[in-house]
Amino acid sequence: MVKKVILTLGALSLLFPAMASAEAPSTEMISIGINSLWVMVAAVLVILMQGGFILLEAGSTRMKNAGHVAGKTIFTFGLGSLIYWAIGYGFAFGGDGNLFIGIGDFFYSAPTVFGEGDGVATSIFFVFQLAFATISLSIAWGGFAERAKLSSYLIFTIVFVGIIYPIVAHWIWGGGWLADGAQDFAGSTVVHLSGAMAALAATILLKPRIGKFNKDGSSNQILGHNQVFTALSVLLLWVGWFGFNAGSALEVGEGFFGYVAFNTQLGAAAGAVAAMLISWMILGKSDITTMLNGALAGLVAITASCAFVDPWAAVVIGLLAGLLVFFSQKFFEKMKIDDPIFALSVHGAAGVWGTLANGLFATPELVEINGVGKAGLFYGGGIDQLWVQFLSVVVCGAFVFVVSFIVLAIIKKVMGFRISEEQEIIGLDLSEHGAYGYPEQMKKAQHNLNS
């Protein structure tokens with residue numbers, strides 16, 4: 001029997017010589033493999049957040065635009081992926097750049113396997129960062145909703161994912177001039193504020209939707225067509241956020257990614273509760289839309305600080321974000337800024353607050369673990385970190401807004417930005433694509449025309 005086993009093993013070694021000579025993987029290689037697997041799972045979760053944005057924007061707008069919302073999101077995700085591969089990743093993380101912009105790794109060619117010292121497989125790091133870039137782009141679309149030409153989505157995708165977003169990402173995450181001091185763990189500024197500032201530029205240039213504001217300055221509600229879609233979108237985004245935040249740890253290690261996820265849950269929960277209660281107190285009715293926006297605002301706010309603060313601070317950050325989103329919505333409406341999916345309040349105002357919060361609540365122990373910046377004001381760090389956080393918000397926000405405004409103003413001048421009044425009344429499904437997202441609506445419209 002023993003002789004048969006020896007002969008069998010010998011035959012196998014001849015058939016598979018690589019197996020016979022292969023060395024056991026090192027501890028470092030096993031660690032890299034585990035880390036890479038986690039970051040790949042996190043990247044998939046972030047990419048699935050695009051489904052949440054489809055439901056969020058479709059549910060928050062009118063039925064006649066639903067097919068357009070879904071289709072343009074998939075189209076721009078695909079186009080954005082190609083642009084980020086070609087130039088965006090190189091501007092964000094290219095190793096031959098300077099403090100302002102990265103240079104190198106254009107038309108990025110990832111190695112087929114990873115080697116020791118890589119930390120995370122570089123191909124997976126690319127996919128993870130690509131997911132972030134396209135999420136920021138989807139946030140920007142909030143300012144385009146229900147009134148922008150499809151061609152403007154195409155042009156702006158190229159500029160935003162290829163140049164605007166990568167420059168901000170380089171400044172904070174890619175070795176740029178803010179990298180050593182600004183604490184933005186998963187992107188309250190890089191991802192969310194950037195998307196919101198682009199949305200602000202768009203909605204200013206596009207002007208409000210037909211019927212949103214009256215001549216006396218009062219506003220009208222333009223309700224979305226499906227609040228269930230909107231609620232489901234928030235749940236999908238909430239789940240995806242664990243990839244967003246916990247994935248940004250970029251390793252499994254000693255389980256620090258779990259602490260990040262823990263704080264993320266607390267911030268989101270506090271935001272939802274605070275927004276519901278404040279709407280109930282002030283409006284006399286508990287507003288579901290405000291509550292949903294509060295959950296998202298809590299997630300946005302905790303994104304910068306989830307790795308830097310204690311759990312009690314995560315709750316405070318989320319609670320204040322939930323309150324902020326309610327009053328921010330009222331402010332933008334008073335300013336006659338038409339923001340159909342509340343991108344400016346959820347991602348802009350909450351993104352600013354979340355970034356600044358690190359300057360108050362960052363603990364010395366967690367700062368040491370992350371290796372970025374200093375402790376916050378409430379932990380003996382003085383105002384140094386608060387100033388850096390404030391500077392990053394102002395400079396990054398202003399850069400994205402100004403460049404986006406210039407690009408969109410050129411689009412408006414050269415090829416037109418907003419659809420015609422007739423097209424807006426008909427809806428983007430029919431005017432841009434020739435078919436309704438809900439086909440039964442086409443039958444109803446035809447019946448009305450014939451009768």
Side-chain angles (χ1 to χ4, degrees), residues 47-82 134-158 160-161 195 198-199 202-203 206 208-212 221-237 240 289 292 296 338-343 346 408 411 415-450:
I47 289 171
L48 285 174
M49 290 172 72
Q50 294 291 351
F53 277 108
I54 289 174
L55 290 174
L56 177 65
E57 190 176 340
S60 301
T61 55
R62 288 164 290 188
M63 185 182 289
K64 61 186 178 181
N65 300 307
H68 166 81
V69 166
K72 62 84 180 166
T73 301
I74 299 299
F75 167 68
T76 55
F77 176 63
L79 177 60
S81 299
L82 296 177
T134 54
I135 288 295
S136 190
L137 179 68
S138 290
I139 294 166
W141 296 149
F144 290 61
E146 297 204 294
R147 57 211 193 274
K149 291 182 177 180
L150 183 63
S151 55
S152 64
Y153 287 94
L154 188 154
I155 301 299
F156 193 71
T157 294
I158 295 171
F160 185 84
V161 178
T203 197
L206 284 167
R209 292 167 292 173
I210 296 170
K212 176 60 181 175
Q221 273 194 316
I222 300 179
L223 297 174
H225 84 278
N226 195 322
Q227 199 167 69
V228 176
F229 276 10
T230 310
L232 180 57
S233 77
V234 171
L235 181 60
L236 289 174
L237 291 168
T289 298
L292 296 173
L296 294 177
D338 186 12
D339 183 16
I341 65 168
F342 306 103
V346 170
L408 293 171
I411 291 173
M415 55 186 282
F417 189 11
R418 181 165 178 157
I419 57 176
S420 69
E421 183 175 339
E422 181 184 5
Q423 290 174 316
E424 187 173 343
I425 292 170
I426 293 171
L428 287 158
D429 282 6
L430 197 58
S431 64
E432 288 280 18
H433 309 287
Y436 279 120
Y438 294 91
E440 64 269 22
Q441 291 301 113
M442 176 74 82
K443 297 176 183 178
K444 292 179 181 178
Q446 290 174 342
H447 174 74
N448 292 336
L449 286 173
N450 294 331

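Numbers here simply count residues along the sequence, with the first being 1.
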Separation between OG (S151) and CD1 (I419), nearest 0.5 Å, reads 11.0 Å

Sequence neighbours excluded, the answer for side chain to side chain contact (heavy atoms under 4.5 Å, CB included) partners of I426 is E422, L430

When every non-hydrogen atom of A199 is compared with those of A343, the smallest separation belongs to CB-CB, 4.4 Å

To the nearest 0.5 Å, atom OH of Y436 lies from atom CG of L428 at 11.0 Å

OG (S233) and CE (M49) are apart, to the nearest 0.5 Å, by 10.5 Å

Applying salt bridge (charged side-chain N to carboxylate O under 4.0 Å, His left out) to E424 and not counting sequence neighbours gives R418

Sequence neighbours excluded, the answer for salt bridge (charged side-chain N to carboxylate O under 4.0 Å, His left out) partners of K212 is E333

One should read off an interatomic distance between T73 OG1 and F53 CZ, to the nearest 0.5 angstrom, of 9.5 Å

Shortest non-hydrogen pair, L154 vs L79, comes out as O-CD2, 3.7 Å

Here the gap from T157 atom OG1 to F77 atom CZ, rounded to the nearest 0.5 Å, amounts to 12.0 Å

Sorted by chain and residue number, the ring pair (Phe, Tyr, Trp, His ring centres under 6.0 Å) partners of Y153 (sequence neighbours excluded) come out as H68, W141, F144

Under the criterion side chain to side chain contact (heavy atoms under 4.5 Å, CB included), I'd like the reasoning laid out for F342 against T289: C-alpha separation, chi angles, the key distance, then a yes or no. CA-CA 10 Å; F342 306 103; T289 298; 3.8 Å; yes

In short, F156 meets L408 closest at the heavy-atom pair CD1-CD2, 3.6 Å

Would you check if the side chain of T203 reaches a backbone N or O of D338 as a donor-acceptor pair within less than 3.5 Å? yes

For Y438 and A66 the tightest heavy-atom approach is CE1-CB, 3.6 Å

Next on the checklist: Using side chain to side chain contact (heavy atoms under 4.5 Å, CB included), reason through L296 and V234 one step at a time and then give a plain yes or no.
Outcome noted: CA-CA 7 Å; L296 294 177; V234 171; 4.0 Å; yes

### Message
Would you say that F229 contacts I54 through its side chain, given a criterion of any heavy-atom pair below 4.5 Å between the two side chains?
### Response
no

With sequence neighbours left out, the residues meeting side chain to side chain donor-acceptor pair (under 3.5 Å) with T230 are none

Contacts of R62 meeting salt bridge (charged side-chain N to carboxylate O under 4.0 Å, His left out) (sequence neighbours excluded), chain-then-number -> E146

Okay, side chain of H225, backbone of S60: is any donor-acceptor separation there less than 3.5 Å? no

Quick one: does any side-chain atom of T76 pair with a main-chain N or O of K72 as donor and acceptor, under 3.5 Å? yes

message = Does either side chain, that of S138 or that of Q50, offer a donor lying less than 3.5 Å from an acceptor on the other one?
response = yes

dist L292:CG -> Q227:CD (nearest 0.5 Å) comes out at 6.5 Å

| message | I'd like to know if the side chain of E432 reaches the main chain of L150, judged simply by a donor and an acceptor atom lying under 3.5 Å from each other, with no hydrogens or angles considered. | response | yes

Correct closest heavy-atom pair for T61 and P340 would be CG2-CB, 4.4 Å

Taking every heavy atom of S152 against every heavy atom of M415, the minimum-distance pair comes out as N-CE, 4.4 Å

